[in-house]
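Report on the following structure.
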There are 2 protein chains.
Amino acid sequence: MVTLKEIAKRCDVSVSTVSNILNGIPKVSEETRQKVLQVIRETGYQPNYIAQGLRKKKTKLIGIIAEDISLFSTPIIIESIMSYCEAKNYRTIMVNLRLYARWNEQWYHDEEEYNSVLNPAIQELLSIKVDGIIYVPGHARNMRCFARDFKIPAVMTYGYTHTPEFPSVVIDDEKGGYDMTEYLLKMGHRRIGIIGGRKDNIHMDKRLLGYQRALFDRQIFYNPDLVCYGNWDRECGYEGAKILIKKNVTAIFCLSDVIAGGVYDYLEENELEAPEDISVVGFDDQVIAQYFRPSLTTAALPLKEIGKKAAELLIRSLDGDEEQTENQSGEVALPCSVIIRKSVKKLL
Amino acid sequence: MVTLKEIAKRCDVSVSTVSNILNGIPKVSEETRQKVLQVIRETGYQPNYIAQGLRKKKTKLIGIIAEDISLFSTPIIIESIMSYCEAKNYRTIMVNLRLYARWNEQWYHDEEEYNSVLNPAIQELLSIKVDGIIYVPGHARNMRCFARDFKIPAVMTYGYTHTPEFPSVVIDDEKGGYDMTEYLLKMGHRRIGIIGGRKDNIHMDKRLLGYQRALFDRQIFYNPDLVCYGNWDRECGYEGAKILIKKNVTAIFCLSDVIAGGVYDYLEENELEAPEDISVVGFDDQVIAQYFRPSLTTAALPLKEIGKKAAELLIRSLDGDEEQTENQSGEVALPCSVIIRKSVKKLL
DNA sequence: TTGTACGCGTTATCAG
DNA sequence: CTGATAACGCGTACAA
């Protein structure tokens, strides 16, 4: 690694002079300035960020903690965080908790084990002296990963912190559920089945709430029999379809695209066709949705927007624009958007 | 951040004592030992890795440079690297170059701009004093990202360094092309079209070479007219299918699953069905392949194996097992595996 | 057991 | 204008 000292030696000047030049302090002769800049270019010198952070307060470095980068939503959020940070002249670095790979959906059950993975990661970022941290969970839930006395700014994506010190940037699941249901209603569907996750899942709860509100707004009774709880997977889509089709629904609202994949499986097996025989919609707008036949109408998650907003909130607090607080609770919910493809039929 | 000094103060001992206890140096009374350990547990103290690396040679930290984590292959490789590193007691940290988001497929055309993104990333990892670096490109090509005088061990995945100092762990594309072609031949196909990437693309070249060798082994003439060069995208699959079907192929070998998606598009539009009317195979075994109808026979990339091997090579060199060199050139090629699904028909 | 110099690369301060 | 030197933070190593 080329250091300041080396540059100084090569140019026969002191480190101070080189440092001054680099930091634009003007009391340097143009001659030495040019010479030093020349050598810096030649050697490809870059400052050591850590050492810089040692003296200056700020490292201009933001740490990202990902619960698991294998989950489809995570890379997109991270990409977006990084893009925004770069535009604002912050560098980023990431640690991956590998929670999913480790415990496969069970991660939030054992607090202690969770902490044994989280704490070293936080420590690592603190060691590097990041200016702030953004946390990217695999799915929405209530998070307590930052102690109240956490010393640096932190922003939560996806999860709910319920503490104004650590803003949450989340999906507006309720509105997502509402909008999709409303779309189906607009297309003439009145008997709409739902297949989703477990009862205690936040995404499930909120989307279901939105579904109910949309029905309510059209004065349609909510029928709990048309709701299948499951595991977000293809299999529960298959099983859900089996149940719901017997109950004569005209549309199935799958709370993930993967679930919709299972519904399609059932349809194929039983020689039914979407959207002719039954309409199907998904949620997430994963890549697979574009390859379904018929291509799947679904709700796109605002992943890019979440990343951007989270980075924006963090950097704003780092750069000291304290006046601006999004709202009292520090919670920002971003809307999904219905992506209309070919899996829904308009009823008469 | 809780520091050693704080622990020492709380326990009314010196930092040295605490350090000694932490490092298992036995000249400490059991009494103070217990007390200190107690406080360490209470405070959740974790050593500052950077400060540790300051004095010790090793930080036990491995840096990963990803060209773009949005590409499907990258998270899987990284996940696997991290898994192996963790098992070997190394921590990992990642920087993301965002090359694809930045320049969209053009990234390797402008050396200078590439370096302006790469160098700060390397510098960042060097600042943190990582023990070694693993580079994860978006696709195979010849890489020159580590100068010959690079001071720390580095391993390349996917790309070819052609320098024994920096081992390459790559996909065995030639064998992949061979195996898939051989599978189609075994299924009775003789006239097999290919749709792939551009002429200068390494994946394309090698898979095509494997295709030719497989034909050769069965004494079938290679017909360059059955090869469509393209852009790896869905569109070129569609266009390729249009061309190849006119040429009466019985099977289309798509060099990516996405291309196969385009082929399916063409089939649907023209009321043809795979595998009845024509057999189709893909490459990559992306998630979408499982959702195609019929589900797509394809070649699974050894992404996990690549990550593991790369980490293994790096850690081996860090831990000083110098005797072991995989082979002279430092290049390890790992095989793909044909995943048989339902898109290929057995002829007669 | 403890005190303390040392390692790192940079910046801030002040003297020349 | 330029240079010498302290300070930054934290853990380690070694002498006391």
Side-chain angles (χ1 to χ4, degrees), chain A residues 1-37 40 43-61 91 120 123-131 151-152, chain B residues 1-37 39-40 43 45-61 120 122-131 151-152:
Chain A
M1 199 159 54
V2 191
T3 67
L4 248 201
K5 203 189 281 183
E6 269 173 65
I7 303 288
K9 192 188 287 178
R10 271 178 209 249
C11 298
D12 249 332
V13 295
S14 70
V15 285
S16 320
T17 303
V18 181
S19 176
N20 285 336
I21 290 168
L22 246 12
N23 293 294
I25 288 162
K27 36 183 181 173
V28 183
S29 77
E30 192 53 28
E31 191 186 2
T32 47
R33 220 178 78 85
Q34 287 309 328
K35 185 173 161 194
V36 168
L37 286 177
I40 285 173
T43 54
Y45 165 82
Q46 304 234 185
N48 182 310
Y49 304 122
I50 298 295
Q52 236 170 18
L54 212 57
R55 290 249 65 196
K56 304 208 281 200
K57 298 273 202 173
K58 300 287 150 193
T59 49
K60 284 271 188 181
L61 183 59
R91 288 162 300 111
Q123 191 64 22
E124 193 157 319
L125 293 178
L126 292 178
S127 291
I128 297 168
K129 298 251 168 291
V130 296
D131 289 342
K151 311 104 264 185
I152 61 172
Chain B
M1 198 158 52
V2 191
T3 67
L4 244 203
K5 203 188 281 186
E6 268 174 64
I7 303 289
K9 192 187 286 178
R10 272 178 208 249
C11 299
D12 249 330
V13 295
S14 70
V15 286
S16 320
T17 304
V18 181
S19 177
N20 285 337
I21 291 168
L22 248 10
N23 294 295
I25 288 161
K27 35 185 180 172
V28 183
S29 79
E30 191 55 26
E31 189 186 3
T32 47
R33 221 179 78 85
Q34 286 310 328
K35 185 173 161 194
V36 168
L37 286 177
V39 174
I40 285 173
T43 55
Y45 166 81
Q46 305 236 182
N48 182 310
Y49 302 122
I50 297 295
Q52 234 171 21
L54 217 54
R55 294 246 72 198
K56 302 210 280 201
K57 297 273 202 178
K58 300 289 151 193
T59 50
K60 284 271 187 181
L61 183 59
I122 289 182
Q123 191 64 22
E124 193 157 321
L125 294 178
L126 292 179
S127 292
I128 297 168
K129 298 248 169 292
V130 296
D131 289 342
K151 312 103 258 180
I152 62 172

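Numbered from 1 within each chain, the chains take letters A, B, ... in sequence-line order.
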Interatomic distance, [X] [atom1] vs [N] [atom2] [rounded to whole Å]:
X	N	atom1	atom2	answer
B/K58	C/dC8	NZ	P	14 Å
A/L22	C/dA12	CG	P	12 Å
B/N23	D/dT12	CG	P	5 Å

Looking only at side-chain atoms of [X], point me to the closest of [options].
X	options	value
B/T32	C/dT1, C/dC6, C/dT2	C/dT1
A/K129	C/dT11, C/dA12, D/dC10	D/dC10
A/S29	D/dG9, C/dT2, D/dC1	D/dC1
B/N20	C/dT11, D/dC10, C/dT2	C/dT2

Crowding at NZ, B/K5 (>12 non-hydrogen neighbours, <6.0 Å):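 At most 12 heavy atoms, drawn from other residues, nucleotides or ligands, come within 6.0 Å of this atom.
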
Ion pair B/E6/B/K9, N-O distance below 4.0 Å: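 Judged by the 4.0 Å cut-off on N to carboxylate O distance, B/E6 and B/K9 do not form a salt bridge.
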
Under-4.0 Å side-chain N/O to phosphate OP1/OP2 contact, A/S16 with C/dT13: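 So the side-chain polar atoms of A/S16 never come under 4.0 Å of the phosphate oxygens OP1 or OP2 of C/dT13.
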
Touch class at under 4.0 angstrom, heavy-atom based, for B/Y49 against every strand present: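 Here B/Y49 touches no strand at all.
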
Side-chain donor-acceptor contact under 3.5 Å, A/S19 with A/S16: no

